[in-house]
Structures are given as C-alpha cells and as structure tokens.
Amino acid sequence: MFDDIRPYYDAEIPAAMQRIADSEHFQVLASYVFPDRSADDVREMVRSIDNIWDFQREVMNKGNHRIIEQSMSEFSYRGLENVSEDKHYLYVSNHRDIMLDAALVQNILIDNNRETTEITFGANLMQGQLVIDLGKSNKMFRVERPSCDLRKFYHDSKHLSEYIRAAICERGESVWIAQRNGRTKDGIDRTDQGIINMFRMSGKDKLGSIADLNILPIAVSYEWEPCDLLKALELYATTQGPYVKREGEDLNSILTGILQPKGRVHIEICKPITIEELSPCEEMSSNEFNRYVASLIDQRICTNYRLMPNNYIAHDIRANSSEYASEYTDEQRKSFEKHLSKTEEFDNSPALRDILLDIYANPVDSRNMFM
C-alpha cells in the first residue's frame with residue numbers, strides 16, 4: 001500500500017549497500033566520514049551491512065559525529081526523559097537545516113541506544129540512486145511537494161497521513177517531521193495548520209486523531225544559522241519578484257548546511273502534547289482545533305529555544321538598544337557585526353542586512369511571545 005513512499009525493509013539493505021559501495025561518489029563520502037580508513041576498507045564494511053540499524057549506527061551516526069566535530073564548537077541536548085521507551089511518537093520539529101535537524105535527533109537516539117525515527121524526505125531532494133539508497137536505508141520516506149492540482153494535493157496528503165498513522169499506531173515506529181513545508185528562512189518558527197489537518201485526515205475524531213500520534217515537539221537552536229546568507233538572499237530576491245530556484249540550489253544548501261561553521265547547537269526534546277491539553281477544545285470547530293494544536297506545538301518549541309549571544313545582539317542592533325547587553329560580550333558583538341557586513345559583498349542594501357538581522361532576532365521575540 002505504501003511502496004511508493006516507504007523506506008527500505010531490512011531485506012532490501014544488502015542490495016542498497018552494494019549500490020552505495022559501487023557509486024562513483026563513494027570514495028569522496030568515505031574519506032569525509034572515515035578519514036582514517038582507506039576507501040577499500042570502508043567499502044568492504046559497507047558491503048557487509050545487512051540491516052537498517054547497523055547502517056544507521058556504523059555509517060550515518062559516524063557521519064553525524066563527523067559533522068559535529070568539523071562544524072560545531074559544541075553540541076548539546078536535553079529532554080531525553082520525555083521519550084518513553086515503550087511509546088512511539090510523532091516528533092514535530094522546527095526546521096532550520098535541510099538535513100541536520102532530523103539527523104541530529106537520530107544521533108541522540110542512537111547514542112542513547114534508543115530506537116530511531118522514520119524521517120520525512122522531500123521528493124525534490126530524492127534525486128539520483130545514491131541519494132535514494134542513502135535516504136531509504138536511513139528510514140527516510142518520500143513526501144511529495146504541495147501541488148496546485150487540488151485533487152492530487154488531497155490524495156498525497158491523505159496518503160501521507162495514513163502512512164504516518166500506520167507507522168506509529170500499527171508498526172510501532174516513531175516519525176520525524178518538520179512543523180512546516182520547507183525551512184524557516186526568517187527565524188519565525190510557526191507550525192503550519194495544514195500540517196495538523198494532514199495529521200487528522202487518517203483519524204476518526206478530532207481529539208483521538210491527534211492524541212494517538214503522541215506529538216512530541218523538538219526545538220533546534222543554532223548559534224550560527226545554517227545557510228543564513230543564502231536564506232537572506234532568497235528572501236531579498238522575493239521582494240524583487242517571483243523566486244525561482246536555480247538548478248542544484250537544494251544540493252548547495254545541503255552541503256553548505258553540513259560544512260558551514262555553526263558554533264553551538266542545542267536540541268531540546270520537549271514534553272509530548274497530552275490528551276488533557278486537547279480535551280478542552282472538543283467543542284471547537286475544525287479550523288479552531290487545528291490552530292489550537294499548532295499553538296501548543298509553537299509554545300513548546302519557542303519557549304525551549306537555547307538563545308545564543310547572536311540572537312540578543314541582532315535584537316539589540318535591530319531595536320537600536322542595549323536591552324540584552326548583559327547576554328553578550330563586546331567581542332561577540334564585533335564578531336556578529338563582521339558577519340553582518342558580508343551582506344555588502346552581495347548587495348550593499350539595508351534591506352538585505354535587515355533580513356539577515358531578523359533571522360537572528362526573531363527567535364527572541366518568539367520566545368517572549370509564548371513565555
């Protein structure tokens with residue numbers, strides 16, 4: 001029923017490992033993830049893998065640790081006690097980086113010997129056999145982009161909803177999904193009410209359809225926003241007219257997000273949404289209920305940000321104040337202002353500079369709004 005979108009089964013892993021090992025790009029990937037091992041040694045190890053867990057633990061987790069070592073000054077997390085080992089969850093996360101937001105959550109789970117989640121994987125990114133094999137071997141499942149054809153959009157949404165519910169409620173898997181379609185580019189993390197409606201499409205009643213999924217919000221905080229300049233340029237371009245992605249732009253964003261220095265990164269695993277929180281809205285209309293559930297997720301995420309000096313600096317610069325001066329040093333402010341000046345390399349425009357400021361400043365407003 002779900003063969004068009006599901007990840008690989010264990011039985012499909014050996015063939016996928018052979019294709020990965022035979023890929024023309026294998027040596028480059030192997031040298032990054034395993035810099036102290038020869039490509040032939042890594043190739044032999046990959047070919048010996050015959051199940052998803054071993055692939056995630058021996059390859060993907062090693063790659064995640066390599067990214068942490070190479071691009072982060074500190075990686076921290078909190079809230080693992082909110083994940084019960086006898087339950088399965090729908091992890092709903094704010095979305096700042098194409099790959100890392102979900103990958104780092106898997107990293108936490110593997111390092112603590114917990115079951116990993118299945119992961120949504122945009123159809124626009126699932127291009128080429130190597131990417132497909134890496135993704136589907138890593139429990140990623142295909143999600144179609146929104147369509148202008150309303151009939152197709154409804155069909156895709158219902159199919160996705162049914163898949164997520166079957167994964168959690170029938171097969172005993174957890175699932176990771178972003179709170180909205182596409183990354184947050186302006187620093188304002190808000191849950192798309194359409195996502196809540198999609199969750200409900202496979203359920204029978206309002207409360208049960210959400211309660212059964214055990215929604216567990218995830219707050220991801222980066223000291224240096226992944227692809228911040230690229231995001232600012234895209235937002236700036238949209239003020240000049242319709243924005244059309246260039247060929248290879250998604251791949252460039254993936255690589256930039258992985259390689260760009262990110263400073264400190266923190267993941268907060270929030271408390272799950274409970275049936276007690278949902279019960280008061282039983283008499284709400286469908287739209288009101290969607291808004292209410294979205295607001296519960298937003299409140300969890302925004303109040304559990306790990307705000308960094310850059311957030312406070314940007315907020316003070318934007319407001320022309322020193323309200324948060326105690327949260328950063330003069331040296332940190334000079335470093336951020338130097339980064340801010342990079343907008344001049346692209347377009348000496350106050351508008352572009354303001355967009356970059358907003359990316360860092362808006363999380364402060366969001367947290368204050370929900371506190």
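Below, all heavy atoms of this structure are taken into account, side chains as well, without hydrogens, waters or symmetry copies.
By the side chain to side chain contact (heavy atoms under 4.5 Å, CB included) test, Thr239 is found to be paired with Tyr236, residues two or more places apart in sequence or in another chain being considered. Under the side chain to side chain donor-acceptor pair (under 3.5 Å) criterion, Glu337 pairs with Arg333, not counting sequence neighbours. Judged as a side chain to side chain contact (heavy atoms under 4.5 Å, CB included), and not counting sequence neighbours, the contacts of Glu277 are Ile273, Thr274, Leu296, Arg300. Checked against side chain to side chain contact (heavy atoms under 4.5 Å, CB included), Thr256 has the following partners two or more places apart in sequence or in another chain: Cys227, Leu230, Asn252, Gln260. For Asn51, the side chain to side chain donor-acceptor pair (under 3.5 Å) test picks out Asp54, with sequence neighbours left out. Every residue meeting the side chain to side chain contact (heavy atoms under 4.5 Å, CB included) condition with Thr120, not counting sequence neighbours, appears here in chain and number order: Phe141, Val143, Trp176, Ile177. For Asp40, the salt bridge (Lys or Arg N to Asp or Glu O under 4.0 Å) test picks out Arg43, with sequence neighbours left out.
Criterion: ILVMFWY side-chain heavy atoms under 4.5 Å apart, direct or through other members. Under it, Met17 and Val28 are not part of a common hydrophobic cluster. Both Leu259 and Leu100 are assigned to one and the same hydrophobic cluster, defined by single-linkage of ILVMFWY side chains at heavy-atom distances under 4.5 Å. When hydrophobic clusters are built by joining Ile, Leu, Val, Met, Phe, Trp and Tyr residues whose side-chain heavy atoms come closer than 4.5 Å, directly or via intermediates, Leu125 is not grouped with Leu160.
Using a cutoff of 4.0 Å between basic side-chain nitrogens and carboxylate oxygens, Asp365 and Arg318 are scored as salt-bridged. Salt-bridge annotation for Asp22 and Arg47: present, with a side-chain N of the basic residue lying under 4.0 Å from a carboxylate O of the acidic one. Salt bridge present: Lys152 and Asp156 bring a charged side-chain N and a carboxylate O closer than 4.0 Å.
No side-chain donor-acceptor contact under 3.5 Å links Thr184 and Arg190. Asn61 and Asp111 share a donor-acceptor pair across their side chains, judged by distance under 3.5 Å alone. A donor-acceptor contact closer than 3.5 angstrom is absent between the side chains of Ser285 and Asn287. With 3.5 Å as the limit, one finds a donor-acceptor pair spanning the side chains of Ser161 and Ser202. Between the side chains of Ser93 and Asp101, no donor-acceptor pair is found at a separation under 3.5 Å. Side-chain contact of Asp189 with His95: a donor-acceptor pair under 3.5 Å is absent, judged by distance alone.
At distances below 3.5 Å, at least one donor-acceptor pair connects side-chain atoms of Ser157 with backbone N or O atoms of Phe153. Between the side chain of Lys206 and the backbone N or O of Met284, at least one donor-acceptor pair lies under 3.5 Å. Between the side chain of Arg66 and the main chain of Tyr32, a donor-acceptor pair closer than 3.5 Å is present. Although no hydrogens or angles enter the test, the distance criterion places a donor-acceptor pair under 3.5 Å between the side chain of Glu12 and the main chain of Tyr9. The backbone N or O of Ala351 lies less than 3.5 Å from a partner atom in the side chain of Ser349, making a donor-acceptor pair.
Around the CD atom of Gln27, the shell of radius 6.0 Å holds no more than 12 heavy atoms that belong to other residues, nucleotides or ligands. Within a 6.0 Å radius of NZ in Lys62, more than 12 heavy atoms belonging to other residues, nucleotides or ligands are found.
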Anything under 3.5 Å between a donor and an acceptor, one on a side chain of residues 75-83, the other on a protein residue two or more places apart or in another chain? List them.
residue : atom : partner : partner atom : Å
Ser76   : OG   : His266  : ND1          : 2.7
Tyr77   : OH   : Asn112  : ND2          : 3.0
Arg78   : NE   : Glu268  : OE1          : 3.1
Arg78   : NE   : Glu268  : OE2          : 2.9
Arg78   : NH2  : Glu268  : OE1          : 3.4
Arg78   : NH2  : Glu268  : OE2          : 3.3
Asn82   : ND2  : Gly79   : O            : 3.4
Asn82   : ND2  : Ile269  : O            : 2.9

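When each of Arg306, Arg96, Arg264 is checked for a salt bridge (Lys or Arg N to Asp or Glu O under 4.0 Å) with Glu223, only Arg264 meets the rule. Screening Ile168, Val175, Leu109, Leu216 against Thr117 for a side chain to side chain contact (heavy atoms under 4.5 Å, CB included) leaves a single residue, Leu109.
Residue pairs meeting the ring-ring contact (aromatic ring centres under 6.0 Å, His included) criterion with at least one member in residues 189-226, sequence neighbours excluded: Trp224-His339. Each salt bridge (Lys or Arg N to Asp or Glu O under 4.0 Å) pair with one or both residues in residues 120-147, not counting sequence neighbours, appears once here: Arg19-Asp133, Lys139-Glu173, Arg142-Glu144. Every pair passing ring-ring contact (aromatic ring centres under 6.0 Å, His included) that includes a residue from residues 269-327 is listed here, sequence neighbours excluded: Tyr312-Tyr324, His315-Tyr324.
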Subject >> Steps toward side chain to side chain donor-acceptor pair (under 3.5 Å) verdict (Asn311, Arg367) >> reply: CA-CA 11 Å; Asn311 301 116; Arg367 190 194 62 173; over 6 Å; no
- Report the C-alpha distance between Tyr360 and Phe336 in whole Å, list the side-chain angles of each, state the deciding distance to 0.1 Å, and finish with yes or no for ring pair (Phe, Tyr, Trp, His ring centres under 6.0 Å). CA-CA 10 Å; Tyr360 287 95; Phe336 183 80; 5.2 Å; yes
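Counting Ile, Leu, Val, Met, Phe, Trp and Tyr side chains that sit under 4.5 Å apart, directly or through other members, Phe370 shares a hydrophobic cluster with Met369.
The CD1 atom of Ile218 sits 10.0 Å away from the CG atom of Asn304 when rounded to the nearest 0.5 Å.
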